[in-house]
Amino acid sequence: MTTPLQPIERRIRTNGITLALFEWHRDLRGRDAPILLTHATGFHARCWDRVIHRLGERYVVAVDQRGHGRSDKIFPVHWREFGRDLADVVRTLDLHDVIGVGHSMGGHATTEAAAALAHHFERLVLIDPVIGAPEAYAAAAHLAEIFAQAPHPTAKRRNHWESAAEMFKRFEQRPPFSEFNHQVLRDYCEYGLLPNPEGDGYVLACPPRFEADVYMSSYENAAVYDSVAAVEAPVFIVRAMEPPPDRGMMDFRYS
């Protein structure tokens, strides 16, 4: 496999925070519809590298959402802010006719952004978007009570690592990471760590506490249904397997 083209990394100040984003083939901007890629909870922009490599010569932007990658870590977590951040990225970069691609939480954010900026998006591709059934949002207060008693298991993720190689070796045989394409998993590890500000080694670019808070607040934005109704662009939805009744909380293989 040839080495993927390396992107241009930049920072923008938007919605009160600093976000990191990456641009591929900036010189081709304006030739075709720009592709805007938004990742899932706990992931980061560079998880898309191998996908972008297959897109050929297209102008592509991938964003580190707040709390992830090289973007600011801001508490508390409010899901609607992810969409507002993404809308501000589109405004700041002055993107038009956007093909918005969002995975999981990124699908939620892409939906919010497309509703806020209807005339900026040409179409959406939502991969397992986290937009639950209406009754799930009605039960959000009950979920909050449950998590107040016991935090989400992701809060206990191992945070300190000697290297990306150590992280890869630990994860390559561990579900669900064992099902990743190995090159994608290497990118996940390589760009998913930051130098430890308190000493040797590295820490997760998405702190475990932040990831847990994202999961614990995933049904607090009931207004997402107003955004769903406001989206004017065609939408293509990709689903994973239907979950079995006994699915465990940490089994991420299913929709």
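Counting from 1, the numbers follow the sequence of the chain as shown.
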*Nearest 0.5 Å please: distance from the OG1 atom of T111 over to the CG atom of L124.*
6.0 Å

*Using 4.0 Å as the upper bound for N to carboxylate O, is an ion pair formed by E81 and R84?*
yes

*How about S178 and Q173: does a side-chain donor come under 3.5 Å of a side-chain acceptor?*
no

*Between atom OH of Y191 and atom CZ of R70, what is the distance when rounded to the nearest 0.5 Å?*
8.5 Å

*Does some side-chain heavy atom of F75 sit less than 4.5 Å from a side-chain heavy atom of D213?*
yes

*Roughly how far apart are D97 CG and R123 CZ, rounded to 0.5 Å?*
11.0 Å

*asked:* Hydrogens and angles aside, do T14 and D88 bring a side-chain donor and acceptor to less than 3.5 Å of each other?
replied: yes

*First locate atom CG of L19, then atom CZ of R13, and finally report the distance between them rounded to the nearest 0.5 Å.*
9.0 Å

*asked:* Is the ring pair H152/Y215 parallel, tilted or perpendicular, if the boundaries are 30 and 60 degrees?
replied: parallel

*Scan side-chain atoms only and decide if D85 and Q65 contain a donor-acceptor pair under the 3.5 Å cut-off.*
no

*If you link ILVMFWY side chains whenever their heavy atoms are less than 4.5 Å apart, which other residues fall into the same cluster as L28? By chain and number, please.*
none

*Verdict with reasoning, I35 to L55, per side chain to side chain contact (heavy atoms under 4.5 Å, CB included)*: CA-CA 10 Å; I35 299 173; L55 294 176; 3.9 Å; yes

*Examine R46 relative to W48 and say whether NZ or CZ is less than 6.0 Å from the centre of the six-membered ring and inside a 45° cone about the ring axis.*
no

*Interatomic spacing from OG in S104 to CD1 in I127 - rounded to 0.5 Å*: 10.0 Å

*Evaluate the ring planes of H44 and Y188, with Trp represented by its six-membered ring, and classify them as parallel (under 30°), tilted (30 to 60°) or perpendicular (over 60°).*
parallel

*Classify the side-chain pair E112/N221 by whether it contains a donor and acceptor separated by less than 3.5 Å.*
yes

*Atom CG in L117, atom NE2 in H96: separation rounded to 0.5 Å?*
9.5 Å

*Taking the side chain as every heavy atom from C-beta outward, state whether V101 and H39 have any pair of such atoms under 4.5 Å apart.*
no

*What pair of heavy atoms forms the shortest contact from P208 to T154, and how long is it?*
CB-O, 3.5 Å

_Ring geometry between Y225 and Y137 (parallel below 30°, tilted from 30 to 60°, perpendicular above 60°)_ = perpendicular

*Do the rings of F22 and W24 sit parallel, tilted or perpendicular, given the 30° and 60° boundaries?*
tilted

